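Source: prediction; values computed, not measured.
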Amino acid sequence: MNDSSQNHHAKRKLIIAIDGPAGAGKSTIASRLARKLGYANLESGAMYRALALKAIDKDASFDDEDGLTKLAQNSRIRLEPTMGGNRTLLDGHDISSRIRERDVTEAASRVSVHPRVREWMVARQREMGEGGGVVMEGRDIGTKVFPDADLKIFLDADPVVREQRRMEQQRVKGEVAAGLAAELRERDRRDRTRAVSPLVAAKDAVVIDSTQLSEDEVAARVEELVKKKLNQRD
Ligand code: DC
C-alpha cells in the first residue's frame, strides 16, 4: 500500500453489512473484522433486544405496535463498541448480559415484526453508521438500513449446524439447551416471513455458507473481499 492509498483509506471508511440468520456466525465474524479494520462493530439485533427487554419489564404486549413504538421513542438505546466487546445501554443501564437470555431473545423476534418499530430502529441505525467505518450486522442491513453499503455479506449455514452451534454456546454458559432448536426454528421462520424487511440476502450481497467452514476460513474470505473492495476504491 502506498502513501496515497493509505490517505484514501483514512478518508473513506467503508460501511460493511453482515446479515444472516441466528447461528451463522455473524457476531463472531463482524467483531473480528471490526477489530482488524479498527472499525466500530454495531450489532443491530442488540437494539431490538433492548426494546424487548423494556417491553418485558413494563409488561407491554409484544403484539401492540403502537405501544411498542412509543416505548422505543421514549427509550435511550445505545450501542457502545469497546475493545472488550460491545456494550448495550438502555436508559443509561448496562443490559449487555441480560439481553442474551432466552426470554429476551424470543421477545426480540416478536417486537421486530412491527413496521413502525423497525422504522424507528432503522433511523437510529443509519445515524450511527452513516459516517462509515462500521461493520453493522443484523437481518436487513444490506437490504434496508444501508442498501448502498460498500460491501454486503450474507452469512448462512445449514439449520442443523446453526442449532448445534447455539446449543454448544448455551452449554458453555452452563445453561439448559432443551427446546433451543425448536425456538431457533420458530425465530427463523418469523424473521424470514415477516411482511416488512424479512431476512433475505440483498441482490448484491456475497453469500457465504459457513456450514463446512471454520471461523478462520470464513474470516479469511471476508477479509479478502474487504481487501478487494479497498483496492477497487483506490
Ligand atoms: O441478531 P439477534 O439474534 O441479536 O437479533 C434478535 C432479533 O432481532 C432477531 O430475532 C431478529 C431481530 N432483528 C431484526 O429484525 N433486524 C435486525 N437488523 C437485527 C435483528
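- If you take CD on Glu137 and CD1 on Ile18, they are separated by 7.0 Å, rounding to the nearest 0.5 Å.
- At a threshold of 4.5 Å between non-hydrogen side-chain atoms, the residues Arg118 and Lys144 do not count as touching.
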Report the C-alpha distance between Arg166 and Glu163 in whole Å, list the side-chain angles of each, state the deciding distance to 0.1 Å, and finish with yes or no for salt bridge (Lys or Arg N to Asp or Glu O under 4.0 Å).
CA-CA 5 Å; Arg166 273 288 183 267; Glu163 284 162 23; over 6 Å; no

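- Each of Arg221, Glu215, Glu217, Arg165 was scored for a side chain to side chain donor-acceptor pair (under 3.5 Å) with Ser210, with one residue passing: Arg165.
- Residues Leu71 and Ile95 share a single hydrophobic cluster, defined by chaining ILVMFWY side chains whose heavy atoms lie under 4.5 Å apart.
- Shown here for Ala201 and Thr143, the closest heavy-atom pair between the two residues is C-CG2, 4.4 Å.
- The other members of the hydrophobic cluster of Phe154, by chain and number, are Leu199, Val207 (side-chain heavy atoms under 4.5 Å, ILVMFWY only).
- Atom CD in Glu175 sits 9.5 Å away from atom CG in Leu180 (nearest 0.5 Å).
- With rounding to the nearest 0.5 angstrom, the CD atom of Gln169 is 11.5 Å from the CE atom of Met167.
- Ion pairing between Glu119 and Arg116 fails under the 4.0 Å rule for side-chain N and carboxylate O.
- Residue pairs meeting the salt bridge (Lys or Arg N to Asp or Glu O under 4.0 Å) criterion with at least one member in residues 204-214, sequence neighbours excluded, are Lys152-Asp204.
- With contacts defined as side-chain heavy-atom distances shorter than 4.5 Å, the pair Val145/Met121 does not qualify.
- Note on Val122 and Ile16: separate hydrophobic clusters, where clusters join Ile, Leu, Val, Met, Phe, Trp and Tyr whose side-chain heavy atoms are under 4.5 Å apart, directly or indirectly.
- Taking the charged nitrogens against the carboxylate oxygens, Arg32 and Asp216 do have a contact shorter than 4.0 Å, which makes a salt bridge.
- Taking each heavy atom of Pro81 and Ala40 in turn, the nearest pair found is CG-CB, 3.9 Å.
- Clustering ILVMFWY residues whenever any of their side-chain heavy atoms sit less than 4.5 angstrom apart, transitively, puts Met47 in the very cluster that holds Leu53.
- Looking only at side-chain heavy atoms (C-beta outward), Asp156 and Arg162 come within less than 4.5 Å of each other.
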Go through it in stages, so that I can follow the logic: the residues are Arg192 and Val200, the test is side chain to side chain contact (heavy atoms under 4.5 Å, CB included), and I'd like the CA-CA distance, side-chain angles, deciding distance and then a yes or no.
CA-CA 7 Å; Arg192 288 182 201 271; Val200 55; over 6 Å; no

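- Nearest heavy-atom pair across Arg76 and Gly92 is NH2-N, 4.0 Å.
- Taking the side chain as every heavy atom from C-beta outward, Val226 and Tyr39 never approach each other to under 4.5 Å.
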List the steps and the verdict of side chain to side chain contact (heavy atoms under 4.5 Å, CB included) for Val104 and Arg98.
CA-CA 8 Å; Val104 180; Arg98 173 70 181 99; 3.3 Å; yes

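- Leu42 places none of its side-chain heavy atoms less than 4.5 Å from the side chain of Ile141.
- Of all heavy-atom pairs spanning Ala55 and Leu68, the tightest one is CB-CD2, 3.8 Å.
- Residues Thr69 and Gln73 meet the side-chain proximity criterion, which asks for heavy atoms closer than 4.5 Å.
- Following chains of ILVMFWY side-chain contacts shorter than 4.5 Å, one can reach Leu90 starting from Phe62, so the two form part of one hydrophobic cluster.
- Judged by distance alone, with hydrogens and angles left aside, the side-chain atoms of Lys26 form a donor-acceptor pair with the main-chain N or O of Pro21 at under 3.5 Å.
- A distance-only check finds no donor-acceptor pair linking the side chain of Asp158 to the backbone of Thr211 [under 3.5 Å].
- Considering every non-hydrogen atom in both Asn41 and Ala30, the closest pair reads ND2-CB, 3.6 Å.
- There is a path of hydrophobic side-chain contacts, each under 4.5 Å, that joins Leu37 to Val206.
- A salt bridge between Glu127 and Arg124 is present, with a side-chain N of the basic residue lying under 4.0 Å from a carboxylate O of the acidic one.
- The shortest non-hydrogen separation linking Leu184 to Ala22 is CD1-CB, 3.9 Å.
- To the nearest 0.5 Å, the span separating CG on Leu155 from OG on Ser27 amounts to 10.0 Å.
- To the nearest 0.5 Å, the span separating CD on Gln125 from CD1 on Ile77 amounts to 9.5 Å.
- For Glu130, there are no side chain to side chain donor-acceptor pair (under 3.5 Å) partners at least two apart in sequence or on another chain.
- Asp150 and Lys229 are not joined by a salt bridge, as no carboxylate oxygen comes within less than 4.0 angstrom of a charged side-chain nitrogen.
- Shown here are the side chain to side chain donor-acceptor pair (under 3.5 Å) partners of Ser109, two or more places apart in sequence or in another chain: Arg190.
- Listed by chain and residue number, Glu43, Leu79, Thr88, Ile99, Arg100 satisfy the side chain to side chain contact (heavy atoms under 4.5 Å, CB included) test with Ala46 (two or more places apart in sequence, or in another chain).
- For Lys54, the side chain to side chain donor-acceptor pair (under 3.5 Å) partners are Ser75, Asp91, not counting sequence neighbours.
- Rounding to the nearest 0.5 Å gives a distance of 5.5 Å between CG of Asp191 and OG of Ser112.
- Within a 6.0 Å radius of NZ in Lys36, other residues, nucleotides and ligands contribute 12 heavy atoms or fewer.
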